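What follows is a set of notes on a single structure, which appears directly below.
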Amino acid sequence: MNLLCELIEMVKVVSPDDGDVFGSLVLCGEDCNWDPVVFDMLIKAYVKANMIEQGFGTFRRSVEVGFVPSVVACNYLLNGLVKLRCVDRCWEVYEEMGRIGIHPNAYTFNMLINVLCKDQDVDKVNEFIEKMEEEGFDPDVVTYNTLINSYCRKGRLGDAFYLYKIMYRRGALPDLFSYTALMNGLCKEGKVREAHQLFHRMVHRGLSPDTMSYNTLICGYCKEGKMKESRSLLYEMIGNGVRPDSFTCRVVVEGYGKESKLLSALNLLSELERFEIPISPDIYEYLVVKLCEENRPFAAKSLLERISQYGYVPDIDVYNELLLSLCKCNYVAEALALKAEMVNKNIKPNIVTYRALIDCLCKIDKSMEGEYVMKEMVKFGVPPDTAICKALINGYCKEMDINRAESLLGFFAREFQIFDTESYNALVKVLSENADVATLMELQDRMQKELELQRKMPCVP
DNA sequence: TATTACACGA
């Protein structure tokens, strides 16, 4: 088996596109009489190497030369096809099995039932199962679990629990999968309490909950905003030696996030770190962004600095969130410093960065500084957009710097083909309130000429 | 030697 895997690896290296191991084996076989079982192994090896297409091809060609693959090889293949969602191919394999007399076993049926459950209605599945039972197949715990899961996903809890009861009678005792599926179904219906009761019953019956069953319940509590319960379950699981995974951490942190209890989330993460549970950078990033959204840019910044020590490198979007938050809270100096830091760290500020900065500067009557930033972005090859034009013109108008507003309007038109009616109207409005008609007419005249000049110019894409 | 499970809102 390992030898064959290596053989495939070799063929992949030598000729990745048309490494025809099967053909070579058949050719060699004429001289050295292979045990046909190598074809069986080849199918498995291909599936293991994630070369499902080749595995399927080998299956078909083996059958063509008269070899009958084992049911285990077929199951390997089916499993590979299911994972790639090649439903039609699954049924091709199944039909071929029937045609050449390979008897499907419980694994085969369970995988096929799973396929049916995923893309058919459950009643069709039951027809299939009845037919299988006539062929001597006895539904086992996996079959029941698959069905229970399918019912729960469709909100048919009554049917799911009916099967759960049947399981005892049929001697297929419910396992962790069964309970987790049922708890998940209950949680989806907003019945976390009942799910928790079921959890207790499960423990009482001697099953030890694993990460998945804890996660299901914790997730259910989080969805209902019951963070106290989530938290105590999290501690319970750690106490029982079940390690929280990235899903657990994320669900709880996001649960706190939804309740705007970011401090609790931060505290929890520190606790988890103390238990040496690895926290993925995504979770920290979520918190950083969330703190920004809740107008706590300094908390966000210090968190960012803390996790940077672990080697986390924020991307432009995270930086922008922080910068936007600083701007929104009117901490312009800090925002400008952050932009400088970005440049230092070789993270190029983009249009979003500049738009926020300019907008903020203009709003606090520092349009001149805004214009300075605008010039900088142009220098760095980031062209300004209409929003930036609006911000600057409105800013200058508010500061009654009509001349700069007008010349800037011309600049945007000339250099960047930005003709913003709103900005123009703002200028006209402030002028009409503060100047005589003649001045106004002169402005309109000049702008008109500017426009005509633009139209005559060749279009620059 | 194999089969079934937890959430994001695309």
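In this text the structure is predicted, and so the values were computed from the model without any measurement. Values below: all heavy atoms of this structure, side chains included; hydrogens, waters and symmetry mates excluded. Lettering of chains follows the sequences in order, A, B, ..., and the numbering in each one begins at 1.
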Using side-chain hydrogen bond (donor to acceptor under 3.5 Å, both in side chains) as the criterion, list what pairs up with A/E133, not counting sequence neighbours.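 Result, side-chain hydrogen bond (donor to acceptor under 3.5 Å, both in side chains) vs A/E133: none returned.
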Residues that A/D317 engages under side-chain hydrogen bond (donor to acceptor under 3.5 Å, both in side chains), provided they are two or more places apart: none
Atom-to-atom span, [atom1] of [X] to [atom2] of [N] - whole angstrom:
| X | N | atom1 | atom2 | result |
| --- | --- | --- | --- | --- |
| A/N145 | B/dT3 | CG | C1' | 11 Å |
| A/I113 | B/dT3 | CD1 | P | 15 Å |
| A/D245 | B/dA5 | CG | P | 16 Å |
| A/F59 | B/dA2 | CZ | P | 20 Å |
| A/K44 | B/dT3 | NZ | P | 13 Å |
| A/L81 | B/dT3 | CG | P | 14 Å |
| A/M41 | B/dA2 | CE | C1' | 16 Å |
| A/K48 | B/dT1 | NZ | P | 9 Å |

I'd like a table of atom pairs between the protein and nucleotides 7-10 of chain B - only N or O on both sides, under 3.5 Å - with the distance next to each one.
residue, atom, partner, partner atom, Å
B/dA7, OP1, A/K188, NZ, 3.2
B/dC8, O2, A/R250, NH2, 3.2

Between [options], which nucleotide has the shortest distance from any of its atoms to the side chain of [X]?
| X | options | result |
| --- | --- | --- |
| A/N215 | B/dT4, B/dT1, B/dC6 | B/dC6 |
| A/D210 | B/dT1, B/dA5, B/dT4 | B/dA5 |
| A/V72 | B/dT3, B/dT1, B/dC6 | B/dT1 |

With sequence neighbours left out, write down each residue that passes side chain to side chain contact (heavy atoms under 4.5 Å, CB included) with [X], or none if nothing qualifies.
| X | answer |
| --- | --- |
| A/V382 | A/I351, A/Y354, A/M377 |
| A/M212 | A/T180, A/D210 |
| A/R193 | A/Y221, A/E229 |

Are the ring of A/Y107 and the six-membered base ring of B/dA2 within the stacking cut-offs of under 5.5 Å and under 30°? yes
Answer with base, sugar-phosphate or nothing: what part of the nucleic acid does [X] contact at a heavy-atom distance below 4.0 Å?
| X | value |
| --- | --- |
| A/T180 | base |
| A/M111 | sugar-phosphate |
| A/N75 | base |

Counting distance only, does the side-chain N/O of A/D315 pair as donor-acceptor with the main-chain N or O of A/V318 below 3.5 Å? yes
Is the shortest side-chain N/O distance from A/N79 to OP1 or OP2 of B/dT3 below 4.0 Å?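 Indeed, a polar side-chain atom of A/N79 lies that close.
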Chi angles and distances behind the salt bridge (charged side-chain N to carboxylate O under 4.0 Å, His left out) call for A/K226, A/E224: CA-CA 5 Å; A/K226 295 183 167 141; A/E224 297 199 6; 3.2 Å; yes
Looking at A/N105 and B/dA2, is any side-chain donor or acceptor paired with a base atom of the opposite kind under 3.5 Å?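 Side chain to base: pair found, below 3.5 Å.
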